[in-house]
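Here is the structure we will look at.
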Amino acid sequence: ILVDRRVDVLVNHACWPHLLGGPVARRLGVSTAFWAHDILGGDHWVERSAARVRPDLAVANSRVTAASVPKVFPGVPAVVVRNVVPAPAFDRPEVRAAVRSGLGVPDGEVVIVTACRLERWKGPALLIDAFGRLRDRPGWSAWVVGGIQRPHEQEYLDELTASARAAGVADRVRFLGQRDDVPRLLAAADVHCQPNTSPEPFGIAFVEALYAGLPVVSTRMGGAEEIVTDDCGRLVEPGDVGALAGTLDALIGDANLRARLGAAGPARAEALCGPAVVFPELERVLRDAVATAV
């Protein structure tokens, strides 16, 4: 394929493809770019094996990911090209009304949503703890969106539901499970919150929430620091459940603040991840990589 289609540069997304495709490209004289989607540690045997084939360029989805590239590929230039995330193609007010009606959300209720894999490091337990501190505050509910893919995730979901009961918010927090309409759920919510306890390599969910016009609340680490500004959301210190609860409390009680932060979201998302922004930048860096290799 590389020969027949006269490929100029082979882009390998993460270590496995680079380990398999990199040596082939090298033998054929084709430039290679390693695309880092996760924060690299350099200790896994796949990473150590991939390190034997030096790419011409590393592309990273965030600055925090780019900073980890030298652990596997020391001396290889790393540039940041963020993920392409297109804007949803529907009318938000219409979708919002339909989804909220279908899920029985009362008029005026503020819905806080988190939509991600059920991984501990994405912070759902911290979020439940924050909800517990808001149990006496009226006018809010929450959706936890994410399905079960592996056995340990079922165990974690059981822990989270038990925590919600213990915190006195089981009637406020709905675990919606696996969904194929997440953009519509985001459009129907009022606040997005994913309080990571470990750094997010990038955070596509944050960008999707910004497109939906939601204030984004997360912790001050990883990709969230590169996506969320004071104009469109709030960041709290990792593990600070009190600050998280206070931030959510302020957003629940201030519709004007929610509206102001939400209104800035779509433009922020487009500037970071819009196809018209990302694709030309990707073409430029790959052309530069080919020219440098030649």
Side-chain angles (χ1 to χ4, degrees), residues 14-16 37-47 61 64-65 68 83 99 102-105 111-135 140-186 188-189 191-209 214 216-224 235-245 247-248:
C15 287
W16 264 117
H37 292 274
D38 292 307
I39 298 171
L40 302 172
D43 297 325
H44 195 280
W45 71 267
V46 176
E47 293 178 330
N61 58 1
V64 68
T65 303
S68 72
N83 300 69
V99 173
L103 291 175
V105 179
V111 175
I112 302 165
V113 65
T114 186
C116 60
R117 298 194 315 275
L118 286 177
E119 298 281 0
R120 294 179 184 275
W121 63 273
K122 289 182 178 286
L126 189 69
L127 187 57
I128 298 296
D129 289 345
F131 289 155
R133 300 194 180 198
L134 300 175
R135 62 180 174 271
W140 69 270
S141 62
W143 299 337
V144 178
V145 184
I148 302 304
Q149 300 177 3
R150 292 164 290 184
H152 75 270
E153 293 171 357
Q154 180 63 61
E155 296 173 4
Y156 191 39
L157 176 60
D158 293 341
E159 290 180 27
L160 293 174
T161 54
S163 295
R165 288 194 298 271
V169 293
D171 59 333
R172 301 279 197 97
V173 181
R174 300 177 65 174
F175 293 89
L176 299 185
Q178 184 71 26
R179 303 284 297 214
D180 59 5
D181 60 346
V182 172
R184 293 172 62 87
L185 292 172
L186 293 175
V191 178
H192 178 275
C193 186
Q194 182 184 310
N196 287 55
T197 57
S198 293
E200 187 78 46
F202 176 62
I204 291 176
F206 301 140
V207 178
E208 292 173 331
L214 302 183
V216 173
V217 180
S218 187
T219 43
R220 197 179 306 280
M221 59 166 54
L235 296 176
V236 301
E237 295 305 314
D240 191 339
V241 65
L244 181 63
T247 298
L248 293 175

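Positions are given from 1, in the same order as the sequence printed here.
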How far does [atom1] of [X] sit from [atom2] of [Y], to the nearest 0.5 angstrom?
X	Y	atom1	atom2	value
Asp38	Phe202	CG	CZ	13.0 Å
Asp171	Arg135	CG	CZ	11.5 Å
Asn61	Asn83	CG	CG	5.0 Å
Glu119	Arg150	CD	CZ	5.0 Å
Leu176	Asp181	CG	CG	8.5 Å
Leu185	Thr114	CG	OG1	12.0 Å

Checklist entry - Leu244 and Val217: side chain to side chain contact (heavy atoms under 4.5 Å, CB included), yes or no, with the steps? => result CA-CA 8 Å; Leu244 181 63; Val217 180; 3.8 Å; yes
Item to check | Contact check, side chains of Leu118 and Phe175, non-hydrogen atoms, under 4.5 Å | outcome: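 Side chain of Leu118 against side chain of Phe175, heavy atoms only: no contact under 4.5 Å found.
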Looking only at non-hydrogen atoms, find the nearest pair between [X] and [Y] and report the distance.
X	Y	result
Ser218	Ala224	OG-CB, 3.8 Å
Gly223	Val64	N-CG1, 4.0 Å
Cys15	Val46	CB-CG1, 3.7 Å
Cys193	Leu127	SG-CD1, 3.5 Å
Phe206	Gln194	CE2-CB, 3.8 Å
Leu186	Leu214	O-CD1, 3.4 Å

Checklist entry - What pairs with Glu200 under salt bridge (Lys or Arg N to Asp or Glu O under 4.0 Å), at least two apart in sequence or on another chain? => result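 Glu200: salt bridge (Lys or Arg N to Asp or Glu O under 4.0 Å) contacts with Lys122.
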Say whether, by atom type as modelled, one donor and one acceptor occur between the side chain of [X] and the main chain of [Y] under 3.5 angstrom.
X	Y	answer
Ser68	Leu40	yes
Glu47	Gly41	yes
Arg172	Ala142	no
Trp140	Leu134	yes
Arg174	Leu103	yes

Checklist entry - With His44, which residues qualify under ring pair (Phe, Tyr, Trp, His ring centres under 6.0 Å), at least two apart? => result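 By the ring pair (Phe, Tyr, Trp, His ring centres under 6.0 Å) rule, His44 matches no residue at all.
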